[in-house]
Amino acid sequence: MLKFSRVTVPTLREKPVDCEVVGHELMLRAGLMRPVSSGIYMMLPLGLSALLKVENIVREEMNKTGAIELELPSLHPSESWQASGRWFEYGPEMMRLTDRHGRDFCLGPTAEELITHYVGKAAPSYRDLPVNLYQIKTKFRDEPRPRFGLLRAREFRMKDAYSFHRGTEELDETYERMYQAYLEIARRCSLEVKVVEASTGLIGGDVSHEFMVLSDAGEDTVSLCEKCGYGANAELERHRPTLRFGGEEEEEIEEVHTPGLTSIDDVSEFMGVPARMVLKCVLYVVGGDALAVFIPGYREVSTKKLAAVLKTDSFHPMREDEFPFFPSLTPGFVGPVGLRDTKVIFDEEVVGARNIICGANKEDYHLKGVEEKRDFRAEPAMNVASSVEGDECPSCDGALTISRGIEIGHIFKLGLKYSKPLGVEFTDRDGSLMPVVMGTYGMGTTRILQTVVEQHHDDRGIRWPKAVAPIPVELIVLNSENNEQIETAENLSRELEKKEIEVLIDDRSLSPGIKFNDADLVGLPIQVVIGNKISRGMLDLKLRYTSIKRDVEIRNAGGAVENALKEAR
RNA sequence: CGGGGUGUGGCGCAGUUAGGUUAGCGCGCGUGCUUUGGGAGCACGAGGUCGGCGGUUCGAAUCCGCCCACCCCGACCA
């Protein structure tokens, strides 16, 4: 039995400034957490309670897959990180510190190195494998830009699992089990997820999937096909070039004076044509050389795709102060016709385009009526542009939709990425030493927590799904000076606790309106109002999610709450 | 890191343009009385290095310089 007056639930009447997404706002207003520093929060009692509910669901589903929980330290010695090379690759995102002896440590951002090192030391035989180890623990990443509360924090909690196998088939089985477990966790947390193909990037591995909750608060962009279920992170989706780029007719090439018009919008407006007629040029610097990337005007360059094509991520958009180093370029007016001394990449969709507008490689001039093959050759042509709404699905004839998503989980088939450099081998049946095949599986529990709030609220506050509600029932004592009301609440509370239903009693001596509003804001699934109707032996019961209200008799109240809870989503 | 913005009691803000009594307001907090079914009333009260440091000035929340923190937009991630 928790008393509102005793538990720290500092609700806020007004919306705090500095929060852009509603989940973040409600986490603060409902008194679940408080900011400490940028991307660092303290969890208050009710917030912690909800987090533990989430983490228990995760724990139960992990255990069902046969994964085994352990706990690794937060302080990682640098050695294994240096062995994998990530001590340097991770860069400033890693929180580093030095002990009194001058030894280097980091605060663990993830734990592949540590766990792999440990498993390797155990010198496993084929009899010990496969094994899947996980922990649920605070992680530290010095994010370049923390934001949106728990959606991107610098200190956050994550379940991280690491599986070790004798071969890829065995890895595939575990991967599939984890995939299914992630779906089940999301379902139990009342989160609808879309699973999308994701980039393993330069981190390595062959296959990875992200578990996305579609939400405008999300920071990722995903392309989805409703028809066949294809989904991919926009950073690597494989939309088919639709050849909507350019016009139909064959035209004569012609130079047009376009003073100061350097953006696609400017040019298309000036020429009176849509952006799909204009070729966009984005300039990069790669290893000291200029690179011109040509894409249809209505698309953007996908940095991730470009990195994959270039096989490096050490490039950046050309800065103004770098222009003088590349005199053959006329920024704002760069086009593929007659361009010299510059590396180029074309988006696949440019192939076969006719009657397009592009820069003339001459200050204040564009060319119109340009045609690929006739006037220039789009080579090499790669998939380097992001998809747009309506692009053709790569695996069926459906159309792609573009949505924002919150990534709550990400699973990887790592293969030999860590076991090889760290020298982790097992002794096979025939006595030979074989490299261990690995998988890694992350899931952000604090991120899930805020995502639940984001997905389940109305204009009055949070509507907790019962599985993750910090507490299932709130008893609102309208007049806490009234002993009869207090007693009724305490009796009911004891009865519910016998049924193992936890209760929060609002016993504060505040006016009823405040308590009603706070109850809706905090959003526990069942509200029971104890007011002067008790003189008639009656209470009010309300389901927060649906706002369904009903009168119940005090003597049946325990059962009524129990039933309402079954009924609640 | 690049660009933009904000820092004034716990929360939300005014005051800064044009330097000048004792830095205000609403909410919240404390005490007392009244009140108790959707953010009550009256009275009294507590709470501030005006983000920090330095400068200009007879005088700085206000002007100048440097620094810090936080938030927003971009490149990264559970």
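Owing to the predicted nature of the structure, the values given are computational and were not obtained by experimental measurement. Just so we're on the same page: letters track the sequence lines, and every chain starts at 1. Worth knowing before you read on, the calculation uses all heavy atoms, side chains too, and leaves out hydrogens, waters and symmetry mates.
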Exercise. Between A/Asp520 and A/Lys542, is there a side-chain N and carboxylate O pair less than 4.0 Å apart?
Worked result: yes

Exercise. A/Thr110 versus A/Arg86: any side-chain heavy-atom pair under 4.5 Å?
Worked result: yes

Problem set entry | Distance between P atoms of B/rG48 and B/rA23 (Å, rounded) | 12 Å

Problem set entry | Charged N-O contact under 4.0 Å between A/Glu490 and A/Lys3 | yes

For this session: For nucleotides B/rC50 and B/rU8, find the distance between their P atoms and express it as a whole number of Å.
Result: 11 Å

Exercise. Roughly how far apart, to the nearest Å, are B/rU6 and B/rU17 at atom P?
Worked result: 15 Å

Problem set entry | Sugar-phosphate or base contact per nucleotide [nucleotides 69-76 of chain B; S, B, -; heavy atom under 4.0 Å] | -SSBBBBB

For this session: State, with a plain yes or no, whether a side-chain heavy atom of A/Thr174 is found less than 4.5 Å away from one of A/Tyr441.
Result: yes

Problem set entry | Heavy-atom side-chain contact between A/Phe323 and A/Leu329 under 4.5 Å | no

Exercise. So does A/Asn479 reach the base of B/rG37 with its side chain, donor to acceptor, closer than 3.5 Å?
Worked result: no

Exercise. In which ranges does RNA chain B form stems of 3 or more consecutive Watson-Crick or G-U pairs, distances under 3.5 Å?
Worked result: B:1-7 with B:68-74, B:10-13 with B:24-27, B:29-34 with B:40-45, B:51-55 with B:63-67

Exercise. For RNA chain B, what residues of residues 27-36 of chain A have any heavy atom nearer than 4.0 Å?
Worked result: none

For this session: Mind checking ring pair (Phe, Tyr, Trp, His ring centres under 6.0 Å) for A/Tyr545 and listing every partner two or more places apart, or none if nothing turns up?
Result: A/His456

Exercise. When you measure from every atom of RNA chain B, which of residues 52-66 of chain A have a heavy atom less than 4.0 Å away?
Worked result: none

Exercise. Has A/Asn491 got more than 12 heavy atoms of other residues, nucleotides or ligands less than 6.0 Å from its CG?
Worked result: yes

Problem set entry | P atoms of B/rG10 and B/rC29, separation to the nearest Å | 15 Å

Exercise. B/rG37 base stacked by A/Phe516? Criteria: ring centres under 5.5 Å, plane angle under 30°.
Worked result: no

Problem set entry | Inter-nucleotide P distance (B/rC68, B/rC53), Å rounded | 15 Å

For this session: For nucleotides B/rG51 and B/rG15, find the distance between their P atoms and express it as a whole number of Å.
Result: 15 Å

Run the side-chain donor-acceptor check on residues 35-49 of chain A: report pairs under 3.5 Å with partners two or more places apart or on a different chain.
{"unit_1": "A/Tyr41", "atom_1": "OH", "unit_2": "A/His24", "atom_2": "NE2", "d": "3.4"}
{"unit_1": "A/Ser49", "atom_1": "OG", "unit_2": "A/Pro470", "atom_2": "O", "d": "2.6"}

Problem set entry | Contacts of A/Gln135 that satisfy side-chain hydrogen bond (donor to acceptor under 3.5 Å, both in side chains) - sequence neighbours left out | A/Asp160

Problem set entry | Pairwise P distance, B/rA61 and B/rG19 [rounded to whole Å] | 14 Å

For this session: For A/Trp81, enumerate each residue passing the side-chain hydrogen bond (donor to acceptor under 3.5 Å, both in side chains) test, keeping only those at least two apart in sequence or located in another chain.
Result: A/His76

Grab the N/O contacts between the protein and nucleotides 9-13 of chain B below 3.5 Å, and write none if there aren't any.
{"unit_1": "B/rG12", "atom_1": "O2'", "unit_2": "A/Glu14", "atom_2": "OE1", "d": "3.3"}

Exercise. If you measure from the P atom in B/rG9 to the same atom in B/rG5, how many Å do you get, rounded?
Worked result: 22 Å

Exercise. Among B/rA40, B/rU36, B/rC77, which is the nearest nucleotide to the side chain of A/Glu481?
Worked result: B/rU36

Exercise. By ring pair (Phe, Tyr, Trp, His ring centres under 6.0 Å), which residues pair with A/Tyr182, not counting sequence neighbours?
Worked result: A/Phe211

Are there any protein N/O atoms within less than 3.5 Å of an N/O atom in nucleotides 42-53 of chain B, and if so, which ones and at what distance?
none

Exercise. Ring pair (Phe, Tyr, Trp, His ring centres under 6.0 Å) with A/Tyr175: which residues, sequence neighbours excluded?
Worked result: A/His209

For this session: Could you tell me whether the side chain of A/Val529 reaches within less than 4.5 Å of the side chain of A/Pro512, counting heavy atoms only?
Result: no

